[in-house]
Visitor: 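Got a structure for you, written out below as C-alpha cells; questions coming shortly.
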Amino acid sequence: MKRMHSHLQRLRRPCLWWPLLTLLGFVQLFLALRQPQPLRAVISDGPAGNLNVAVPLNPSGAQHPEADPTDFSAEELVYLQRRFGVHGPQTPLAQLFTRGVDQLQPLRANTLQRLSELKPVILRESRRLRVNPMLIAGILYDEIQHSKPGEDLPFVAHSGLVSTLGPAQLGISELIHQGKLARQPSDADIAAARQLLLDPESNVALLAGKMARLKAELGFSTRSPLLASRSPKEAKAIATLAYLHNGKLDYPARILRYMQDPALHGLIYSQKRSALSGLI
C-alpha cells in the first residue's frame, strides 16, 4: 500500500521539463532580439561584383583538401555583408546557450520526429530544385531545435512580434524574392503570407526554393545538388548558402556538423521495406 501511495505521489508531481524549455525559450528570444553588430569594412569601398569573379570563395585555400569550408576571407565577409546583410558570429553567451540546448536529448528526439514527418516534402522539393536534401535537413534541424515556444501560434505570428515563421524560420521577404508576394503587399497579402509560412510543407518548399535561388544568384551550378564530399569548392558553396540563410558567422559550421549527424543522415536516406513473405 505504501509503495502504491509513493507511486501516486510521483505521478502527481508537476513536470518541470516544459517550464524549463519555456524559460530557455525566453532566454533565446532575449538573445535573438539583441541586434548583432555588422562586420566592419576591411577593404576599400567600391562596387562588388559576382562572388565567383570579383570576390572568389577563399581563393587561397578553397581547392586545398584540408581547407575549412567555413573559413571566409575578410574580402568575402565584407562582400556578403554588403550584398546580403550578414553579420559576425553570435555572442559567446548565445553560442553557449545553443550548445546547451543541443545536449537536451528529449528535445533532440522531438526534433528528429518532426523532421521525419517533413521527410517526404524535403526529398520531393530537393529533387525538384536540385538542392542537397541534407542541407535542407540540417537547416530545419537547427531551426526546429532552437525554436522559441509559442512562436508558431497563429495569434503570435499575426501579431508581428516575430519576423520569421515556420520550421525553416523564413520571413515574408523570401516570398517577395521568389515572386510569390508583391513588393508592396497589402495587409491582407501579409496576413496570407504569414499563414502560408505557418504551413510546414509550404515552409519547407520555400526553404528549398531559397537555396535554389541563392545558388543561382551566386553563380553556383544549378544542374545538380552541391555535395560537400565531392570537392572543397562545393563544401565552401554549401557553407556560404547556410551562412546566407541565418546571417550569423558561426551558423555554417553548425549546419555542416548536422549534415554529418548519423541519425539525421539515416532519417533522410533510410527506406522502409515490407517484410519478405515466408514462402520466398
Visitor: Distance under 6.0 Å and angle within 45° of the ring axis: does Lys233 meet both against Phe220?
Guide: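 Output no; distance or angle outside limits.
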Visitor: Counting N and O atoms only, with roles assigned by atom type, does the side chain of Lys215 sit under 3.5 Å from a partner on the main chain of Arg130, one being a donor and the other an acceptor?
Guide: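 It does hold such a pair.
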Visitor: Run the side chain to side chain contact (heavy atoms under 4.5 Å, CB included) check on Leu123 and Ser126 step by step: do they pass?
Guide: CA-CA 5 Å; Leu123 294 177; Ser126 296; 5.8 Å; no
Visitor: If hydrophobic clusters are built by linking Ile, Leu, Val, Met, Phe, Trp and Tyr wherever their side-chain heavy atoms come under 4.5 Å apart, do Met211 and Leu227 end up in the same one?
Guide: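 In one cluster: no.
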Visitor: With the threshold set at 4.0 Å, does a side-chain nitrogen-carboxylate oxygen contact exist between Glu117 and Arg114?
Guide: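 The answer is no: the pair does not qualify as a salt bridge.
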Visitor: Take Ser270 and Lys119, measure what side chain to side chain contact (heavy atoms under 4.5 Å, CB included) needs, and give me the verdict at the end.
Guide: CA-CA 10 Å; Ser270 62; Lys119 175 180 175 178; 3.7 Å; yes
Visitor: Any non-hydrogen side-chain atom of Pro225 less than 4.5 Å from a side-chain atom of Glu234?
Guide: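 Pro225 does not reach Glu234 side chain to side chain.
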Visitor: Would a 4.5 Å heavy-atom cut-off, applied to side chains only, mark Gln169 and Leu165 as touching?
Guide: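 No, too far: nothing below the 4.5 Å cut-off.
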Visitor: Answer yes or no: is there a donor N or O on one side and an acceptor on the other, between the side chain of His177 and the main chain of Arg213, under 3.5 Å?
Guide: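 Side chain of His177 to backbone of Arg213, a donor-acceptor pair under 3.5 Å: no, none is there.
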Visitor: Using side-chain heavy atoms (C-beta onward) and a distance below 4.5 Å, is Ile268 in contact with Pro133?
Guide: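 Counting from C-beta outward, Ile268 and Pro133 do come under 4.5 Å.
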Visitor: Can you tell me how far the OG atom of Ser202 sits from the CG atom of Leu207, to the nearest 0.5 Å?
Guide: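 Here the rounded value is 12.5 Å.
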Visitor: Checking Tyr79 against Glu75 for the side chain to side chain contact (heavy atoms under 4.5 Å, CB included) test, could you report, in this order, the C-alpha distance in whole Å, the side-chain angles of both residues, the deciding distance, and whether it holds?
Guide: CA-CA 6 Å; Tyr79 171 82; Glu75 292 82 2; over 6 Å; no
Visitor: Tell me the closest heavy-atom pair linking Asp68 and Thr70, and the distance in Å.
Guide: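 It is OD1-OG1, 2.8 Å.
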Visitor: Measuring from Leu181:CG to Leu196:CG, what's the distance to the nearest 0.5 Å?
Guide: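 Atom-to-atom, Leu181:CG and Leu196:CG are 9.5 Å apart.
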Visitor: Mark yes or no for whether Asn203, through its side chain, and Leu198, through its backbone, hold a donor-acceptor pair below 3.5 Å.
Guide: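 Side chain of Asn203 to backbone of Leu198, a donor-acceptor pair under 3.5 Å: no, none is there.
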Visitor: At what distance, to the nearest 0.5 angstrom, does CD1 of Ile136 lie from NZ of Lys210?
Guide: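 Here the rounded value is 10.5 Å.
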Visitor: Decide yes or no for Met134 and Tyr269: does some side-chain heavy atom of the first lie under 4.5 Å from some side-chain heavy atom of the second?
Guide: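 A side-chain contact under 4.5 Å exists here.
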Visitor: Tell me, do Leu77 and Tyr243 make a side-chain contact under 4.5 Å, heavy atoms counted?
Guide: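 When only atoms from C-beta onward are counted, Tyr243 and Leu77 do touch, with a gap below 4.5 Å.
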Visitor: Between Ile144 and Ser147, what is the shortest heavy-atom contact and its length?
Guide: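 Looking at all heavy atoms of both residues, the closest pair is O-OG, 2.9 Å.
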Visitor: When rounded to the nearest 0.5 angstrom, what distance separates CG in Leu218 from CG in Leu241?
Guide: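 One finds 6.5 Å between CG of Leu218 and CG of Leu241.
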Visitor: Quick check: do Ile238 and Met259 have side-chain heavy atoms less than 4.5 Å from each other?
Guide: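 In short, these two side chains touch, coming nearer than 4.5 Å.
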Visitor: So which heavy atom on Arg230 is nearest to which on Ser224, and how close?
Guide: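 So the two residues come closest at NH2-OG, 3.8 Å.
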Visitor: Is there a side-chain contact between Leu175 and Leu170 (heavy atoms, below 4.5 Å)?
Guide: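 Of all side-chain heavy-atom pairs linking Leu170 with Leu175, none is under 4.5 Å.
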Visitor: With the side chain counted from C-beta on, respond yes when Thr240 and Pro252 share a heavy-atom pair under 4.5 Å apart, and no when they do not.
Guide: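 The answer is no; the side chains never approach within 4.5 Å.
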Visitor: Under the criterion side chain to side chain contact (heavy atoms under 4.5 Å, CB included), which of Ile255, Leu135, Ile139, Asp142 is the partner of His245?
Guide: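 Filter result, single survivor: Ile139.
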Visitor: Hey, what do you get for CG (Leu107) to CD (Gln145), rounding to the nearest 0.5 Å?
Guide: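 It comes to 4.0 Å.
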Visitor: Got a second to check how far Gln81's CD is from Leu249's CG, nearest 0.5 Å?
Guide: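 Separation between the atoms: 12.0 Å.
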Visitor: Looking at Asp261 and Arg257, is there a salt bridge between them, counting it only when a charged N and a carboxylate O are closer than 4.0 Å?
Guide: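 No.
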Visitor: Of the non-hydrogen atoms in Leu206 and Leu197, which two are nearest, and what is the gap between them?
Guide: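 So the minimum-distance heavy-atom pair works out to CD1-CD2, 3.7 Å.
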Visitor: Should Glu174 and Lys180 count as an ion pair when the cut-off is N to O under 4.0 Å?
Guide: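 Salt bridge flag = no for Lys180 with Glu174.
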Visitor: Closest approach of Arg194 and Gly160, non-hydrogen atoms and distance?
Guide: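 So the minimum-distance heavy-atom pair works out to NH2-CA, 3.8 Å.
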